[in-house]
Amino acid sequence: MRYSQLLVPTIKETPAEAEVISHQLLLRAGYIRKLTSGLYTYLPLGLMALQKVAAIVREEMNRAGAQELLMPMVQPADLWQESGRWQKYGPELLRFKDRHGRDYCLGPTHEEVITDIARRELQSYRQLPTNLYQIQTKFRDEIRPRFGLMRGREFVMKDAYSFDADDKGASLSYEKMKEAYHRIFTRCGLSFRAVEADTGSIGGSYSHEFMVLADTGEDTLVICNDCDYAANVEKAAVVLPEADGSSEEKQPLARVETPGMKKVERVADFLGVSPRDIIKTMIFLVDGEPVAALVRGDRQVQEVKLKNLLHATEVEPMADDEVWKRTKLPVGYMGPVDIPIRLVADQEVMRMVNGVTGANEKGMHLTGVNPGRDFEPELVGDLRQITTEDGCPVCGGGLSLTEGIEVGHIFKLGTTYSKAMKATFQDRDGVEKPFVMGCYGIGVSRVVAAAIEQNHDENGIIFPLPLAPFQVIVLNLGVKDAAISRAAEQLYSDLQGRGVEVLLDDRDERPGSKFKDADLLGIPYRATVGKTFAKEGMIELRLRASGETIMLPFAEAGAGIAAMIEQELQKVQDV
RNA sequence: CGGGGCGUAGCGCAGCCUGGUUAGCGCGCCUGCCUUGGGAGCAGGAGGUCGCAGGUUCGAAUCCUGCCGCCCCGACCA
């Protein structure tokens, strides 16, 4: 491809709308353009990168025995009513009517449609296991789209669905996908971790997320320093050490005046205790009902854990004035003793002796508060966010926290959808049974953004070789010099002949602009044909990632570059 | 939806508070000259319903009201 024939509108200045680096660079390098909030056009280069990811995904899915199909993006409401998600899914599901007044939605995911396919087309255990996937544009009417390709409303996703006769088979299918995902992200040249995850709104029993490690990640992961354990903090179980049997004597409950002391730190300071001695009371709206959750004063409530403990579908923190309106409880002075709403507690709280809590009265706190004696929560469980002071739930080892970008998520669904939609097959024993399902997603467009978040510098993108739209860019620095131009053209066609994906910068631009653009685009190899060629007959090859420069005699350049690329690709190919 | 910010040329911004000539600047774009190894220089030029709709005023980019759009923080998630 010739640069002069390609639409690559690079921009020097960082667009004001872009906050994160991948978004800035995708815009600056001319990969994408925004249509409106959360909706992007992939320009030629952006589409090439996207298709690179898609090709790797496709190869590995096929290798794992999955079959590609393509389902409609528009889906009829009745399928969603069958699964129960027409009610449950919420406003993220974009709904509309056709000219006959029939209800439809834009597919945010395809469990319903694929289950419908399965129940029609798979009748016998002999046809199982089956794994079907597609690479397709999804639409989710996100509350707040942001960060360019990271969280668009429209995005490209690979979604696969497995159908098995029993749990054992489903586990096998799940493991196969897990392995395929490892291969996919390795082949993409990304640094990633698979972590245990919460199952969220898709439902199901067991799941892993694949996280690309990058500082700008929206998720926080805990990783064990000693064993293989890794989990999303939403999921990571806190394991308390053996109770030390503290023999501190229980004091009587006492009221103290704490005027103006609303924050944990201030109350602790004022009473001469540590935040660890305070029982923090947080009010959440759980499926529309206020619930008080207790954690130690120095801890954070993990909302996903709270949601799971209560088997709720929606949990959100209540604003201070809402708390007062709904419960007449004074924010800053709330406590579990005689609290008039539902009460749940973190396991750690139940071990506290002589704690300090609010008295549910403005300007008043209680001391000598003892769980069990002074209050009894309706539920006790693991409610708080894990910290690096906690031990690994598997081996007890030390933990580290890292930021990650979720690029893949795999679930064991069980029979949730097959039962709801009566999707059954006839088993060996002649009995009709529901399929045991799994679903497996990869945010294909998000992988492109994540790759950039992980690989860039002040000059632009540094694409991993397998994802780069072009492997090599040849710079003709003497467009008006016949000898240089001839050499650049020769190198270009030589590389093309060797199957190398090469872009020839044949624009009549000054060298500075060509260098800057080549860096910005993130093309891994840059071959410069210019002065050095005119003087010494040498081609200058620069590696984008390391900055290393290699001089190659013109006659050997094509073969040399092709060999380097081959070798580099081999590294991630043999996983 | 709650909280914060912003809409002026393709992009990045100034002007607005304190209303008043043809609304500026940098980048980009077009023409010519010159230049050619890290986003050169000179000269000339094109490009604007100042987000939209009302209102106040002799006069509105500027003041007021409403609406729309975009961005950031939270819930959501590939």
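All chains are named by letter (A, B, ...) in the order of the sequence lines, taking the proteins before the strands, and each is independently numbered beginning at 1. Both backbone and side-chain heavy atoms feed into the values below; hydrogens, waters and symmetry mates do not.
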Does any N or O in the side chain of [X] come within less than 3.5 Å of the main-chain N or O of [Y], such that one atom is a donor and the other an acceptor?
{"X": "A:Asp481", "Y": "A:Ile484", "result": "yes"}
{"X": "A:Lys158", "Y": "A:Arg58", "result": "no"}
{"X": "A:Glu218", "Y": "A:Ile405", "result": "no"}
{"X": "A:Ser162", "Y": "A:Ser173", "result": "no"}

Quickly work out the [X] [atom1] to [N] [atom2] distance and round it to whole Å.
{"X": "A:Arg507", "N": "B:G38", "atom1": "CZ", "atom2": "C1'", "value": "13 Å"}
{"X": "A:Asp508", "N": "B:U36", "atom1": "CG", "atom2": "C1'", "value": "9 Å"}
{"X": "A:Asp519", "N": "B:G37", "atom1": "CG", "atom2": "P", "value": "17 Å"}
{"X": "A:Asp457", "N": "B:G38", "atom1": "CG", "atom2": "P", "value": "18 Å"}
{"X": "A:Asn476", "N": "B:G37", "atom1": "CG", "atom2": "C1'", "value": "13 Å"}
{"X": "A:Lys480", "N": "B:C33", "atom1": "NZ", "atom2": "C1'", "value": "12 Å"}
{"X": "A:Asp517", "N": "B:G37", "atom1": "CG", "atom2": "C1'", "value": "15 Å"}
{"X": "A:Arg151", "N": "B:C76", "atom1": "CZ", "atom2": "C1'", "value": "6 Å"}

Among B:G38, B:U35, B:A78, the one nearest A:Phe515 by side-chain distance: B:G38
Sugar-phosphate, base or nothing in reach of [X], heavy atoms under 4.0 Å:
{"X": "A:Gly152", "result": "base"}
{"X": "A:Arg28", "result": "base"}
{"X": "A:Gly408", "result": "sugar-phosphate"}
{"X": "A:Ile442", "result": "sugar-phosphate"}
{"X": "A:Glu209", "result": "nothing"}
{"X": "A:Met150", "result": "base"}
{"X": "A:Asp159", "result": "nothing"}

Can you tell me how far [atom1] in [N] sits from the matching atom in [M], rounded to whole Å?
{"N": "B:G20", "M": "B:U36", "atom1": "P", "answer": "49 Å"}
{"N": "B:G12", "M": "B:G28", "atom1": "P", "answer": "15 Å"}
{"N": "B:C76", "M": "B:C30", "atom1": "P", "answer": "49 Å"}
{"N": "B:G24", "M": "B:C50", "atom1": "C1'", "answer": "12 Å"}
{"N": "B:G55", "M": "B:A60", "atom1": "C1'", "answer": "11 Å"}
{"N": "B:G19", "M": "B:G26", "atom1": "C1'", "answer": "28 Å"}
{"N": "B:U8", "M": "B:G4", "atom1": "P", "answer": "22 Å"}
{"N": "B:G10", "M": "B:G32", "atom1": "C1'", "answer": "24 Å"}

Can you give me the closest heavy-atom contact between A:Arg299 and A:Lys280, atom names plus distance? O-NZ, 2.7 Å
Would you sort out whether A:Asp198 and A:Asn232 count as a side chain to side chain donor-acceptor pair (under 3.5 Å), showing the intermediate values? CA-CA 8 Å; A:Asp198 185 70; A:Asn232 194 310; over 6 Å; no
Whether each nucleotide of nucleotides 69-74 of chain B has a protein heavy atom under 4.0 Å at its base (B), only at its sugar-phosphate (S) or at neither (-) is summarised, 5' to 3', as SSSBBB
Along RNA chain B (nearest heavy atom to each residue), the more 5'-positioned of A:Leu520 and A:Glu92: A:Leu520
Heavy-atom nearest nucleotide on RNA chain B for A:Gly512 versus A:Glu142: which residue maps closer to 5'?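 Here A:Gly512 is the residue nearer the 5' end.
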Answer yes or no: side-chain N or O of [X] and base N or O of [N] forming a donor-acceptor pair under 3.5 Å.
{"X": "A:Lys531", "N": "B:U36", "answer": "no"}
{"X": "A:Thr532", "N": "B:G37", "answer": "yes"}
{"X": "A:Glu13", "N": "B:G26", "answer": "yes"}

Under 4.0 Å between a Lys/Arg side-chain N and an Asp/Glu carboxylate O for A:Glu489 and A:Arg2? yes
Taking the basic N atoms (NZ, or NE/NH1/NH2) and the acidic carboxylate oxygens, is any pair closer than 4.0 Å for A:Arg183 and A:Glu60?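 Counted as a salt bridge, because a side-chain N and a carboxylate O are separated by less than 4.0 Å.
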Please check the phosphate of B:C77 (OP1 and OP2 only) for any side-chain N or O of A:Arg140 closer than 4.0 Å.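 Checking B:C77 against A:Arg140, no side-chain N or O comes under 4.0 Å of OP1 or OP2.
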Check the phosphate of B:C27 against A:Lys12, side-chain N and O only, distance under 4.0 Å to OP1 or OP2. Yes or no? no
Across all strands shown, which nucleotide pairs with [N] by Watson-Crick or G-U wobble geometry, both distances under 3.5 Å?
{"N": "B:C33", "value": "B:G41"}
{"N": "B:C25", "value": "B:G12"}
{"N": "B:U65", "value": "B:A53"}
{"N": "B:G2", "value": "B:C73"}

B:A78 base stacked by A:Phe155? Criteria: ring centres under 5.5 Å, plane angle under 30°.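 Yes, the aromatic ring of A:Phe155 stacks with the base.
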Can you confirm if the NZ or CZ of A:Lys138 lies within 45° of the ring axis of A:Phe155 and under 6.0 Å from the centre of its six-membered ring?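 Judged by the rule, A:Lys138 and A:Phe155 form no cation-pi pair.
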Please say whether the positively charged group of A:Arg95, taken as NZ for Lys or CZ for Arg, lies over the ring of A:Trp86, i.e. under 6.0 angstrom from the six-membered ring centre and within 45 degrees of the axis.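 Yes, A:Arg95 and A:Trp86 form such a contact.
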